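The shown structure was predicted, so the numbers you read here are calculated from the model rather than taken from an experiment.
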Amino acid sequence: TNGSSQTGNSIYVNVSSSTTLANHYTFVDFDKSVVGWWRMDDINSTGGVVDLSSYSNNATIVNVTFNSSGKFGNASQFNSTSLGYIAPPPSALNVTGNLTISAWINPASDNGDFESIVTKSCLAQSPDVTQFYFAYGYFGNRLVQFAISNYSEKVILQGSTSLNANNWYHVVGRFNG
């Protein structure tokens, strides 16, 4: 019931949602742990990508094309020759503990080039700054890689499924800090 509470280490969440749209989804951020949810098809009046999390970390975009061929609704198309990027506020990517990155991707080619899904890097090699990348095509293969580093320690995980061009994939990288 609404307004109830419970003790223990679990929680029950009941969500109801309905629509006439064919592709529909929802999420519940009951503990406000989602620091950014950029669907890549919600654009604000200044052309930035809207963050649907509790924190409104809207992002600035450069050299990104929008079209209607997304997995759910519209899509953002990144062209490696124009180096398109999206930049949320720097504070949105300050990792101090657990980190999960999830994305729907559709590789445009099988050329084996390194393609970044999400990257946070720093010019100064500081042990106080956690950096990470989530990418595919590293060293010419089509495998997804997730790496996190603070310059004194580095963890790299690699998937085992080779990604093919023009197919949708749901990819997730998780680090338990």
Side-chain angles (χ1 to χ4, degrees), residues 1-78 84-106 115-122 126-136 144-150 155 157 159 168-177:
T1 51
N2 291 337
S4 65
S5 63
Q6 74 178 51
T7 59
N9 59 2
S10 63
I11 185 169
Y12 298 97
V13 178
N14 182 359
V15 177
S16 297
S17 179
S18 65
T19 184
T20 58
L21 301 174
N23 294 320
H24 177 72
Y25 52 91
T26 186
F27 85 105
V28 176
D29 186 18
F30 61 87
D31 63 353
K32 295 190 178 192
S33 62
V34 175
V35 297
W37 184 30
W38 301 278
R39 294 188 327 172
M40 310 310 288
D41 66 351
D42 293 311
I43 308 303
N44 62 22
S45 62
T46 62
V49 177
V50 176
D51 173 21
L52 297 173
S53 76
S54 301
Y55 299 99
S56 299
N57 290 315
N58 295 336
T60 303
I61 57 174
V62 175
N63 294 331
V64 176
T65 303
F66 295 95
N67 60 52
S68 60
S69 62
K71 180 68 175 174
F72 299 101
N74 296 327
S76 301
Q77 182 175 350
F78 300 87
Y85 72 88
I86 294 186
S91 61
L93 298 177
N94 287 342
V95 178
T96 58
N98 298 338
L99 171 67
T100 301
I101 299 172
S102 171
W104 279 98
I105 62 170
N106 186 345
E115 302 288 345
S116 176
I117 300 167
V118 175
T119 301
K120 180 197 177 192
S121 61
C122 175
S126 169
D128 299 327
V129 178
T130 300
Q131 302 181 71
F132 54 85
Y133 72 81
F134 192 34
Y136 61 93
V144 174
Q145 282 193 343
F146 181 64
I148 190 162
S149 170
N150 64 1
V155 175
L157 302 172
W168 282 102
Y169 297 93
H170 183 241
V171 293
V172 178
R174 177 161 174 79
F175 175 73
N176 294 325

Over all heavy atoms of both residues, which pair between His170 and Ser102 is shortest? Give the atoms and the distance, please. NE2-OG, 2.8 Å

Side chain of Asn57, backbone of Val35: donor and acceptor closer than 3.5 Å? yes

Quick one: does Tyr55's side chain have a donor or acceptor within less than 3.5 Å of a partner on Lys32's backbone? yes

Working to the nearest 0.5 Å, report the span between CD1 of Ile101 and CD1 of Ile148. 8.0 Å

Is any side-chain heavy atom of Asp51 closer than 4.5 Å to a side-chain heavy atom of Trp37? yes

Find out whether Phe132 and Val118 are in side-chain contact, i.e. whether some heavy atom of one side chain is under 4.5 Å from a heavy atom of the other. yes

Looking at every heavy atom in both Ser116 and Ala135, which two are closest together, and how far apart are they? CA-CB, 3.9 Å

If every non-hydrogen atom of Tyr133 is compared with every non-hydrogen atom of Thr119, which pair is closest and at what distance? CB-OG1, 3.8 Å

Distance col, row Thr100:OG1 vs Asn176:CG, nearest 0.5 angstrom, shows 7.0 Å

Is the shortest heavy-atom distance from the side chain of Arg174 to the side chain of Phe146 under 4.5 Å? no

Rounded to the nearest 0.5 Å, what's the gap from CD1 on Ile105 to CZ on Phe134? Could you check? 7.5 Å

